[in-house]
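Order of the sequence lines sets the chain letters (A, B, ...), proteins ahead of strands, with each chain counted from 1.
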Amino acid sequence: MNRDVVIGRILPGLARPVAAVAISLAAFALVLRLSGYDVAQVYATLLRGAVGDPAAIASTLRWATSLIFAGLAVALPLRAGLFNVGVEGQLYLAGLVAALIGLRVDLPALALQPLVIVAAAIVGALWALIPTLLLIHTRASEIVTTLMLNYVAIGVADYLVNNYFRARMSAEAVMTDRVPPAARFPSLVPPYPVSYGLIIAVALALLLHLFLKRTKQGYETRMVGLNREFAAYGGVRIGRSWLVAMLASGAIAGLIGAFETNGVNGRFVSQFSPGFGFDGFLIAFLAGGSPLGVIVAGLGVAALRAGSLSVSIEFGMPRITIAIMQGIIILLISAQLGRLDFVRRVVRAFRLRSVIGPSMQVVRHEHDSQS
Amino acid sequence: MDERQLTPEAASDGGAELDMRGITKRFGDVVANRQVDFVVRRGEVHALVGENGAGKSTLMRIAAGIMRPDEGGIRVSGETRSFASARDAAAAGIGMVHQHFSLVPSLTIAENIFLAEPPNQFGVLDPKLLRRRAAELSTRYRLDLPTDGKVGNQPVGVQQRVEILKALLTGRKILILDEPTAVLTPQEADHLFATLRALRASGHTIILITHKLREVFAVADRITVMRDGRAFPPVAAAESNPSELARMMVGRDVLLRRPNATQATPGPEALRLDAVSCRNDRGATALDAVSLTLHAGEILGIAGVNGNGQDELVEVVAGLRQPSQGRIVVVGRDVTTARSPRARRAAGIAHIPTDRMRRGVALPATVAENLMLGPHERPPLSRGPWLQSNAVRAFADTLIDRFGIRTPSAAAPVAALSGGNVQKVVVARELTGEVTVLLAANPTRGVDIGAAEFIHRQLEEARARGAGVLLVSSELDEVRALSDRILVMAGGRFAGPFAPDVSEHELGVYMGGGDRAMLGSEAGAQHDGAA
Ligand SMILES: Nc1ncnc2c1ncn2[C@@H]1O[C@H](COP(=O)(O)OP(=O)(O)OP(=O)(O)O)[C@@H](O)[C@H]1O
Ligand SMILES: [Mg+2]
């Protein structure tokens, strides 16, 4: 508590996420320096790779599409006090279904593309439904179940593709054939892979903002997230709030799959997600769980990713080093927002993630009934 | 921090143990303390009183190093001090028991006591030593704590004593207690005061915040009244009296003892329990086949020492705890199987919970959001799936006004309110709308005398509108002043009913009396054996 007060005094209000990013940029500079890089040059390349020219901007927007979706998919359950650590699996299965519909269903683009989007959303939602039902009826921690279902989803999808839908031409890569043009989301700015998914992502953020602020269900969802015992005592149907948040979250995750597969890649490619589900946590954190904040944070992390691609090409630096910086941001943000119940649970989730390993443990929900 | 020059008078006040001068503390537009001078003499019990939101907790948090003042200076035993943290204040010998518990429920009492600095051997935690030291301390200060028990399993009275013991470890010189008796029965409070007197005799200086004037005159040597962020010069307890004090606090005359304003007109049955049993969180029997009938237009008081099944009784009726046997009937309808709080609310049950911080409010949410839970489902606060923000604001402003909730606005987070004002938020929400059965558990806990009077009147008005009110209170005065009938709860069973003019002594006997009454946990434990 005391430490929060102190940090709260140093970094009041909105300055926090900004400060976290600034501090991590500085800390990362130190890492670069110690590894013998020219810090100024690296950062200049990073900036150029993110916004330096039209191609760089397009690259940032390309990543922003999926990252905004991912941030929303994590932020919404957070507001209900839940962790969807299963965005990876949800988007993966949805991506496969999007590709298969594109490959097998013969419809004009105007009908096919909405079908792909809706189907992918449904698949993502259904995959999120399983852990949610387990949570509601058996109190099995969604942190564990969503995480575990990632491995199931990825295994199942790869198995199916490898055995039944593998591209005829591919020798080593596990992927499907290209989807036909009717199923392919067109680029807004050819030749760059920026589709209208970006517009949907931003619109969705606005809708979720309205949902949380202006609807009964949104209000109830927030109360469940802020103090579950208060909500239950006041007559809120906790299970319903959880279902709504998790189904919507899974559906949004599904959209990532649809737009990556039928948009950017044009086909289902094994391991196509570079960890969107976990980037989603970083973004949702930076945004403080706010959907509007997710737009900003999503763009920021997208710029970082686009820039880091340039850096890794130009300096031969492994891209994992950028992950160090993201890790620093996560640490700072969670330390600062540690007083919020949901962030406390995020931190616990990450701690869990590192200890679960091969031995599966079922973790019960504890009541955070302190102070 | 602005270190104001201390005045010569202050310096010459040789007996001052704690000397706070010109303290100002602002929260945004709210001035919680304005130019407060507060002087406590060595070896006295000093009462700090005033209305909800007057700034008492803020002033004491500054003294305990938890907050920094915007202006002003602090001297401890004549030495100028500047506290950057509670640790600094502890180093100066100041310890504080907060208005709301800060215990870790999953740890034992012993572990909680030594949380900050566990006794160790060469840096290695020594659990045996820890347990022995905790037991020694408990005995030394006559607090009778089951030090090996988990804190989460203890009744509030015991948790309160754990907090006191924790504060005693840091408060070697000055012990600050912020409304320590709000959760205690009069017997438990008397027990606490005996402890405080013993501490004073051994040289401690004690500052006590309370809303109960009885306690002020029972234990305090001098009194400082705060109003609206300012402090009056202290008065000697021997030279003052309750009504004068009340007038200073509120700024007008207050009726301290009031005859029943409205008469009870008991109507048909509102709530009936038939041989209801349930277990507590530890799995022991909490309610032992209790039956009661509450009529519409009646206030039924439940008196008893904390931890004798009152909490479970309220929770069972509210749908927050499932009975193991028995029936619950609301206005002739069996609701036993309508298990959720939602279903019970639909049946017309409203509930002021005993622990406001746990489920009474969502602290980070705004005052409006805390007030609207429930009514938000219906017009005018919502239409279809949409909330009507204008209606919500108007609704919140009306309640804030009617219940005198001191808050900068309806959009302020409840976390920024003073303790008594948080309680008013809960009471306002639960007393609004159609109520068939009102479960009021310690409804005036932590509110000032003016607000307590107001809440009492509201309970009587609810009765006049035909609600059946189940008033569960650890305060006998409150139970006797408001109830039409009284049941005493001890060991998960009822004794009575008694008429409201029953003597305090007689109730005390039925509540268990003597030592047992002072040991909420023991009462429960003994009952387990008997069950
Ligand atoms: N952290 C905070 N942020 C904003 N305002 C605050 C904060 N803490 C206290 N206040 C405001 O300062 C004023 C004084 O609060 P304080 O808690 O000191 O009152 P109090 O005298 O202890 O009241 P009570 O008897 O209800 O406990 C109140 O108006 C309260 O709303
Ligand atoms: Mg207070």
Across all chains, not counting sequence neighbours, the side-chain contact (heavy atoms from CB on, under 4.5 Å) partners of B:Q322 are B:R339
Original post:
Are A:N84 and A:T146 close enough, and set up right, to give a side chain to side chain donor-acceptor pair (under 3.5 Å), and what steps lead you there?
Top reply: CA-CA 6 Å; A:N84 183 1; A:T146 53; 4.5 Å; no
Fill in: Side-chain donor-acceptor contact under 3.5 Å, A:S241 with A:Q217
yes
For B:S106, the side-chain contact (heavy atoms from CB on, under 4.5 Å) test, sequence neighbours excluded, returns B:V104
Whatever's closer than 4.5 Å to a heavy atom in chain A on B:L373 counts as both
Ranking B:E377, B:H376, B:Q388 by heavy-atom pairs under 4.5 Å to chain A gives rank one to B:H376
Looking only at B:V392, B:L387, B:D355, most heavy-atom pairs under 4.5 Å shared with chain A are made by B:L387
Checked B:E430, B:R344, B:E315 vs chain A; the most non-hydrogen pairs under 4.5 Å come from B:E430
The interface call for B:R429 against chain A, heavy-atom contacts under 4.5 Å, is side chain
Applying a strict 4.5 Å limit to non-hydrogen atoms, the region of B:N370 in contact with chain A is both
**Message:** Parallel, tilted or perpendicular: which one describes the rings of A:F281 and A:F83, with boundaries at 30° and 60°?
**Reply:** parallel
Inset, instruction - State, with a plain yes or no, whether a side-chain heavy atom of A:N227 is found less than 4.5 Å away from one of B:L363. - result: no
Max heavy-atom pairs within cutoff under 4.5 Å with chain A, candidates B:P353, B:S340, B:A318, goes to B:P353
